Each structure stands twice: as C-alpha cells, then as structure tokens.
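On a predicted model such as this, the values are computed, not experimentally measured, just so you know. Just so you know, residue 1 is the first one in the sequence shown, and it goes up from there. One-based numbering, in listed order, for ligands and for the atoms of each. Values below: all heavy atoms of this structure, side chains included; hydrogens, waters and symmetry mates excluded.
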Amino acid sequence: MKLKHNQKLIIGNWKLNPLTLKEAVRLASKIDPQPLHETVICPPTLFLSSVKYPRLGAQDCFWLNKGAYTGQTSPLALKKLGVKYCLVGHSENRTAGESEEMIQKKVSALLSVKITPVLCVGFGTTVEEDDLEVTDIIKSQLTSALAGIDASKIVVAYEPVWAISSGDPYHHKMATPDHAEKIAMFIKTKFGVKKVLYGGSANSTNALEFLEQPDIDGLLPGGASLLPKDFNQIINMSC
Ligand code: PGA
C-alpha cells in the first residue's frame with residue numbers, strides 16, 4: 001500500500017486532445033489508476049462518458065442544468081456522469097470572452113450539484129509584474145468569482161497566463177515555485193480557500209519543486225498530462 005501522507009491534488013487538463021475517442025480511452029488506460037496523489041483527468045466533454053478513470057473532471061460547463069441553451073454542458077449532467085471536479089475561468093476561455101459574471105455563475109452552479117469548481121486565476125498577468133501587482137489582479141478575479149460563494153468549498157488554480165504552454169515556467173525569473181507559493185499563501189489567507197494548485201507548464205522535471213511548497217496543494221498540468229510517462233511520474237512523486 002502506498003503512503004498517503006502529504007497527498008496533493010493533480011488534475012490533468014487534456015484540453016482539446018486527443019482527436020478520437022479510441023485515442024482518449026487508450027490514453028486514460030495508461031494513467032496509473034492508484035497513484036500516490038489524488039489524481040483527476042479532464043478529457044474533452046465529448047469523451048467523458050466513455051473514458052474510464054477513478055476520478056474524472058470536466059474542463060468547463062454552463063451555469064444552468066437544462067433548457068434552450070444550444071451547445072452548452074449541464075453541470076447536473078456532468079454530475080450524473082460521475083464528474084468530481086470542473087475547471088472554471090481557464091485563461092483560454094477568458095480569452096474567448098468568458099466574463100467574471102459568467103465565471104461566478106458557473107462556480108455557483110457547480111457547487112449546487114456538488115461538483116468541486118477548480119477556479120483558474122492568473123489571466124491578465126504579465127511577466128513584468130511583481131508579486132504585489134499579481135496579487136492585485138488575482139484579488140479582483142477572486143472577489144468577482146467568489147461573490148456569495150463559500151470559498152472553502154472550491155479549489156483555486158494559480159496559472160500565470162504567460163507560463164501556460166510555454167514549455168518552461170522558469171523562462172522568466174518570476175515563475176518560480178517561490179513566487180507561486182507566495183501567491184498561494186495570499187489566496188488562502190485573504191479568501192479562505194483551502195486548496196491552491198499551480199498550473200503553467202508543470203511537468204515531471206519541475207513538479208517536485210512546486211509540490212514541495214507547503215501552500216501549493218497540487219498541480220494542473222496540461223501538456224504533460226497527455227504524456228503518460230511524465231504524468232505517471234508526477235502523480236507518484238513523493239514530496
Ligand atoms: P500547460 O497547461 O501545462 O500545457 O501549460 C496548463 C493549463 O493550461 O491548464
């Protein structure tokens with residue numbers, strides 16, 4: 001039996017990958033189903049009902065469960081599929097026009113069906129900003145998203161937008177585990193959030209340095225979650 005102490009939360013965000021259901025099922029079958037850390041995979045919505053993994057997450061949802069809303073994904077339908085977590089406010093969706101108001105409504109809808117929202121913040125930050133400027137941006141994103149919400153029931157993922165898909169979160173001095181730790185501490189103390197993840201080019205080479213930070217409760221890898229060897233290393237990394 002693997003040790004369960006200092007267990008972190010690792011959420012693999014597959015984004016719009018892979019292309020076929022066959023590939024998705026195959027990819028999921030290569031991920032260790034009993035890893036050291038609590039592990040969630042988030043395949044594209046289309047594949048959620050067929051991909052087998054002990055913990056599944058969704059990448060986004062709508063804020064209403066049913067009705068005349070073409071193309072949307074119902075939080076209640078996700079719940080019925082066994083989904084445990086759902087990303088909200090990912091930078092890629094904020095870029096596509098998702099507003100703070102939409103994000104707040106999604107967080108609220110997810111809590112009402114007992115799916116844990118994973119609220120992504122860090123959009124709009126740049127590599128030039130210092131810790132204080134970053135906390136200002138994050139504060140405003142959290143204040144809007146958490147209006148009327150019990151912050152202790154959600155997970156926050158700090159994803160500096162410029163580190164996403166960059167291949168190396170250290171490509172600028174700012175994106176260090178120390179910086180992420182300071183931001184995580186700020187989010188917890190100011191908002192009462194219990195779990196904060198780091199995301200943005202997290203991979204098997206840099207994961208340990210983030211996981212060793214006391215206030216970083218896990219990771220949200222994108223690209224690395226599509227590479228079973230790398231991802232299995234991350235989810236079994238003792239820290
Ligand atoms: P990345 O993606 O690990 O490929 O940078 C993370 C994310 O966008 O959630």
Novice: Let's go through His179 and Tyr198 carefully: what are the C-alpha distance in whole Å and the side-chain angles of both, what is the deciding distance for side chain to side chain donor-acceptor pair (under 3.5 Å) to 0.1 Å, and is it a yes or a no?
Specialist: CA-CA 11 Å; His179 162 74; Tyr198 169 78; over 6 Å; no

Novice: Indicate yes or no: does an N/O atom of Gly199 lie under 3.5 Å from an N/O atom of ligand 1?
Specialist: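 Between Gly199 and ligand 1 (N or O atoms, distance only) the closest approach is not under 3.5 Å.
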
Novice: Give me the residue, atom name and distance of the protein heavy atom closest to atom 5 (O) of ligand 1.
Specialist: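 Answer for atom 5 (O) of ligand 1: Ser165 N, 2.6 Å.
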
Novice: Taking Pro43 as the fixed residue, which of Leu48, Leu21, Asn17, Val25 is the one that meets the side-chain contact (heavy atoms from CB on, under 4.5 Å) rule?
Specialist: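 Only one of Leu48, Leu21, Asn17, Val25 forms a side-chain contact (heavy atoms from CB on, under 4.5 Å) with Pro43, namely Leu48.
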
Novice: Check each atom of ligand 1 against the heavy atoms of Ser201 and keep those under 4.0 Å away; list them by number with element.
Specialist: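 The atoms of ligand 1 under 4.0 Å from a heavy atom of Ser201 are 1 (P), 3 (O), 5 (O).
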
Novice: Would you say CD of Glu23 has more than 12 non-hydrogen atoms from neighbouring residues, nucleotides or ligands within 6.0 angstrom?
Specialist: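 Yes.
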
Novice: What residue and atom, counting heavy atoms only, is the protein's closest point to atom 2 (O) of ligand 1, and at what distance?
Specialist: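 Checking every protein heavy atom, the shortest distance to atom 2 (O) of ligand 1 gives Lys15 NZ, 3.2 Å.
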
Novice: Tell me which protein heavy atom sits closest to atom 4 (O) of ligand 1, plus the residue, atom name and distance to 0.1 Å.
Specialist: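 Checked against all protein heavy atoms, atom 4 (O) of ligand 1 sits closest to Gly223 N, 2.8 Å.
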
Novice: Measure the distance from atom 7 (C) of ligand 1 to every protein heavy atom, then report the residue, atom name and distance (to 0.1 Å) of the closest one.
Specialist: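 Answer, as residue, atom name and distance: Glu159 OE2, 3.1 Å.
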
Novice: Could you tell me whether the side chains of Thr176 and Asp178 share a donor-acceptor contact shorter than 3.5 Å?
Specialist: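 The answer is no; no qualifying pair exists.
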
Novice: To the nearest 0.5 Å, what is the distance between CD (Gln7) and SG (Cys239)?
Specialist: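 Gln7 CD to Cys239 SG: 10.0 Å, rounded to 0.5 Å.
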
Novice: Considering only protein heavy atoms, which is closest to atom 3 (O) of ligand 1, and at what distance to one decimal place?
Specialist: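 Scanning the protein heavy atoms, the shortest distance from atom 3 (O) of ligand 1 goes to Gly222 N, 2.8 Å.
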
Novice: For ligand 1, which atoms have a heavy atom of Gly200 less than 4.0 angstrom away?
Specialist: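 Answer for ligand 1: 5 (O).
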
